[in-house]
Amino acid sequence: MSIYRFFSSFFIKVKTIQRIIQQSKAGNFIQLKPKLYKESIHFDKNMVLAGDIHDETTLEGLIIIPKNVSVTLQNLTISPTAQMYIEGEVVLQNCHFKGGKSDIHVTVDGGKIHAHNCSFDYAKEMALSIVNNSKAFFENCTFCHNGKVQILTESSQVSIEKCEFSYAKHALCIKNGSFVQSRNVHFHHHTSAQIVVEDSRFIDHESVIEHGDGMGIHVYHEGDASIQSTVLQYNTQTQICVQRGLLTARYCSIQQGRDAGISITQKAEAQTFHCEIAQNKKSNIVVTKDSKMNIEFCQIHNGENVGIQIGDHSIVNIFETSIKAHRSSQVSIANKSICSMKKCGITGGYHVGVCIEDNGNCSIAECEITHNANSAITLFKSELSIFKSILTQNVGNGILAMSHSKVEVDMCKIFDNEMPHIACKSNVEIYIIHSVLYNGKSLFIVNECELTAIDCQFYDSLNVQIEICDLSNGRFENCQIYNGKSYGIKVLRNSSLFLFDSQIFNHELSQMVVNDSSVILKNSELFDGNRNALYIQNHSEVFVTDCFISKHAQHQVWIDFESTVELRSVQITDGALTDIFAQNQSSVYVSESVIRNNKSRFNVQAVNFSKIEISKTVVENIYGDVYYSENHSFIKQLDT
């Protein structure tokens, strides 16, 4: 390669850079003297144009590189009066674009640009416009104070490595089918969305996007962003917003935003893996308007609002993710949205763990929901299915279900919550299967609810273990209810209970209280109580068949206030006081049973206008007197 040195003496013969280019051969290296050159340059052949390494060499003017021409510019300061226009190929090495009179520093139109160790500053509109199937590569470059956008890419491909973008409206605008890759880039202090992806593909690795006055990344209109090991922090608006687009994030950190961490909306889709999303002023994650999101192996914590907010017919799957310490609900599901969670921990929230409302649907498997300052799970007009999970040490309920909700609890442990482990209010349907509830009030069912419990255990409560009230219905099959410090079961105010193949034992107060309600007990056992087995009062109706009742410290079956009891094929033994005590216009019918007592003189008593009819029944004690009645009451043994 021949070298032209362009000194002042040369201007005697050749007065402009343009002329020496015209007179040079393809492939020539042209070395410029350090000074200011005010002229426009049109390259018509391949060559290298270099400024001085030590002193500033400045070009001021229009630069054009046409198709099929390849130019290398080195060590130059360029202050264009019009944009540099590239249809061919340019390599920029250690070049610096400063201000000038043009709106755009460089336009690449169907061409190629490679920039190394360059800076692009103070363009009025943008540093570079890369359009029409162009290709660009930037390494160790800086972009600063370039008006509306640092780089605009339309229908082109761009690769950016180890660069810095700062102080413009946008860092990157990627549009119309473009493809942009960035690696180890620093984006900061832009006044609007730092990176905009529209109908294009954006891939980033190991970059930092921070301190923007708008969004960190905005993906919309079929845009697709994939980021890995990327850090987004301290952005004023949503750190990542996806509208009608796609997002994939792996090993990213999205923290300290003044708005939401991630917003997925308007039929957008997102996947996050091994990400930390934390300490954003609003919700850490928002998924709304028919959108979908998959979250795996993430840590979502310390948000000032909701942890994960799901609404408007959206669908979210969460797997092996830690969600903790949010000021509002840790997970919120609303407006016909669906959420599934597996192997997650939802802990340490300042409010509800999981809130499901307005026809939301949530499935939870193998999760732990603990230490929340309100209920672990609250649902309103919604559906919940929870499987193999632990709900413990929450200040509120384990599950609070209200207003036409449906709940299924299967193989769960619910314990040490400060309010009832499961509370249902107003037309709730709940199924509890193969579960254990202990160390706290187990069930509070009120206002026309339907409860079914199968193969469950309820024990060690300091309060009433199970309470069914106000037109509610309960059904227990093969359950154990024991070791309560108060009552075992209360059935109150026109409610009903069906208890089959179950055991109730060892309660400090009555094992079962029935008030103005109806109960059916079948193939069950009530034993070892410190008071009554059954305390039945106030117009209640109870039917007991094929049951075993024994070892209670007070009257084993107490019937009061115009109540009715039928005992069929029942064994009542080893009571400390009377086995059956009826008073105040109550009625008892006993058939095919055994009533045996060696500790009290009277097995059966009726007082105050009550009646007891006994047939095909053995009634005996060691004292001989088995019946006692007074005050217009009677006991009739029908088969004698």
Side-chain angles (χ1 to χ4, degrees), residues 26-27 41-49 62-74 76 78 80 82-97 102 104-120 123 125-143 146 148-165 168 170-185 187 195-207 217 219 222-228:
I41 303 170
H42 186 287
F43 291 91
D44 57 1
K45 57 180 70 72
N46 301 344
M47 62 177 51
V48 178
L49 185 65
L62 170 65
I63 299 174
I64 298 175
I65 301 173
K67 291 180 180 179
N68 302 317
V69 174
S70 178
V71 175
T72 298
L73 303 179
Q74 299 176 349
L76 296 171
I78 301 171
Q83 58 191 283
M84 175 186 284
Y85 190 77
I86 301 166
E87 290 182 328
E89 182 175 354
V90 66
V91 176
L92 303 174
Q93 297 175 346
N94 195 31
C95 291
H96 307 283
F97 290 77
S102 64
I104 303 171
H105 281 327
V106 180
T107 295
V108 185
D109 188 352
K112 298 179 180 179
I113 181 170
H114 294 255
H116 306 270
N117 301 306
C118 296
S119 63
F120 301 84
E125 295 287 334
M126 64 187 72
L128 293 103
S129 173
I130 303 169
V131 298
N132 294 333
N133 297 309
S134 297
K135 294 183 179 179
F137 176 76
F138 301 92
E139 183 180 17
N140 289 319
C141 296
T142 61
F143 302 80
N146 290 296
K148 293 182 179 179
V149 58
Q150 316 269 21
I151 297 178
L152 170 66
T153 305
E154 294 192 20
S155 307
S156 299
Q157 297 181 29
V158 177
S159 179
I160 306 168
E161 292 187 10
K162 299 177 183 178
C163 295
E164 181 178 2
F165 292 76
H170 305 287
L172 303 175
C173 282
I174 309 164
K175 299 183 176 183
N176 298 337
S178 294
F179 177 49
V180 174
Q181 297 183 82
S182 58
R183 180 184 293 273
N184 196 14
V185 178
F187 302 91
I195 298 170
V196 177
V197 184
E198 178 188 0
D199 189 25
S200 299
R201 183 86 189 276
F202 171 65
I203 297 176
D204 179 77
H205 292 79
E206 302 173 347
S207 294
I217 301 174
V219 183
E222 312 304 327
D224 183 350
S226 178
I227 59 176
Q228 182 166 324

| request: Please lay out, stage by stage, how Ile227 and Ile217 fare under the test side chain to side chain contact (heavy atoms under 4.5 Å, CB included). | output: CA-CA 10 Å; Ile227 59 176; Ile217 301 174; 4.1 Å; yes
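- For the pair Gln74 and Val48, the minimum side-chain heavy-atom distance is below 4.5 Å.
- Residues Ser119 and His96 share a closest heavy-atom pair of OG-ND1, 2.8 Å.
- The closest side-chain heavy-atom distance from Val108 to Tyr85 is not below 4.5 Å.
- Inter-residue side-chain proximity for Thr107 and Leu128 is flagged as unmet; no heavy-atom pair is nearer than 4.5 Å.
- A search for salt bridge (Lys or Arg N to Asp or Glu O under 4.0 Å) contacts involving Glu125 returns Lys148, not counting sequence neighbours.
- The line from CZ of Phe202 to OG of Ser226 is 9.5 Å long, rounded to the nearest 0.5 Å.
- The two residues Val196 and His170 have their closest heavy-atom pair at CG2-ND1, 3.7 Å.
- Side-chain contact between His114 and Glu89 is present, with at least one heavy-atom pair separated by less than 4.5 Å.
- Looking at Ile174 and Ile195, their side chains come closer than 4.5 Å, going by heavy atoms from C-beta outward.
- In terms of heavy-atom proximity, Leu92 sits nearest to Val90 at CD2-CG2, 3.7 Å.
- One distance of note links NE2 of His105 with CD of Gln83; it measures 11.5 Å at 0.5 Å rounding.
- Between the side chain of Ser200 and the backbone N or O of Gly177 there is at least one donor-acceptor pair closer than 3.5 Å.
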| query | How far apart are the C-alpha atoms of Ile151 and Val149, what are their side-chain angles, what is the distance that settles it, and do they pass the side chain to side chain contact (heavy atoms under 4.5 Å, CB included) test? | reply | CA-CA 6 Å; Ile151 297 178; Val149 58; 5.5 Å; no
| From CA spacing to verdict: side chain to side chain contact (heavy atoms under 4.5 Å, CB included), Thr142, Phe165 | CA-CA 6 Å; Thr142 61; Phe165 292 76; over 6 Å; no
| request: Please assess Ile78 against Ile63 for the test side chain to side chain contact (heavy atoms under 4.5 Å, CB included), listing each intermediate value before the final yes or no. | output: CA-CA 9 Å; Ile78 301 171; Ile63 299 174; 4.1 Å; yes
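- For the atom pair CG of Asp199 and CD of Glu222, the computed distance is 7.0 Å after rounding to the nearest 0.5 Å.
- Note that CD of Glu164 is 11.5 Å distant from SG of Cys141, once rounded to the nearest 0.5 Å.
- The local environment of NZ in Lys45 is crowded, with over 12 non-hydrogen atoms from other residues, nucleotides or ligands closer than 6.0 Å.
- Residues Leu152 and Lys175 come closest through the heavy atom pair CD1-CD, 4.3 Å.
- Taking the side chain as every heavy atom from C-beta outward, Met84 and Leu73 approach each other to under 4.5 Å.
- By the salt bridge (Lys or Arg N to Asp or Glu O under 4.0 Å) test, Arg201 is found to be paired with Asp224, residues two or more places apart in sequence or in another chain being considered.
- Counting heavy atoms of neighbouring residues, nucleotides and ligands inside a 6.0 Å radius, atom CG of Asn184 exceeds 12 of them.
- Residue pairs meeting the side chain to side chain donor-acceptor pair (under 3.5 Å) criterion with at least one member in residues 151-160, sequence neighbours excluded: Glu154-Asn176.
- Counting only heavy atoms from C-beta outward, the side chains of Val106 and Ile113 approach each other to under 4.5 Å.
- Distance CG/Asn94 to CG/Leu76: 9.0 Å, rounded to 0.5 Å.
- Counting all heavy atoms, side chain and backbone alike, Ile130 lies closest to Ser134 at CG2-CB, 3.6 Å.
- We find the CD-CD1 distance between Glu139 and Ile160 to be 12.0 Å, quoted to the nearest 0.5 Å.
- Relative orientation of the Phe137 and His116 rings is tilted, given thresholds of 30° and 60° on the angle between their planes.
- Between the Asn146 side chain and the Ala123 main chain, a donor and an acceptor come within less than 3.5 Å of each other.
- Between Ser207 and Phe187 the shortest side-chain heavy-atom distance falls below 4.5 Å.
- The minimum heavy-atom distance between Asn68 and Asn46, with the atom names listed, is O-OD1, 3.9 Å.
- Note: Phe138 and Phe143 meet the aromatic proximity criterion, with ring centroids under 6.0 Å apart.
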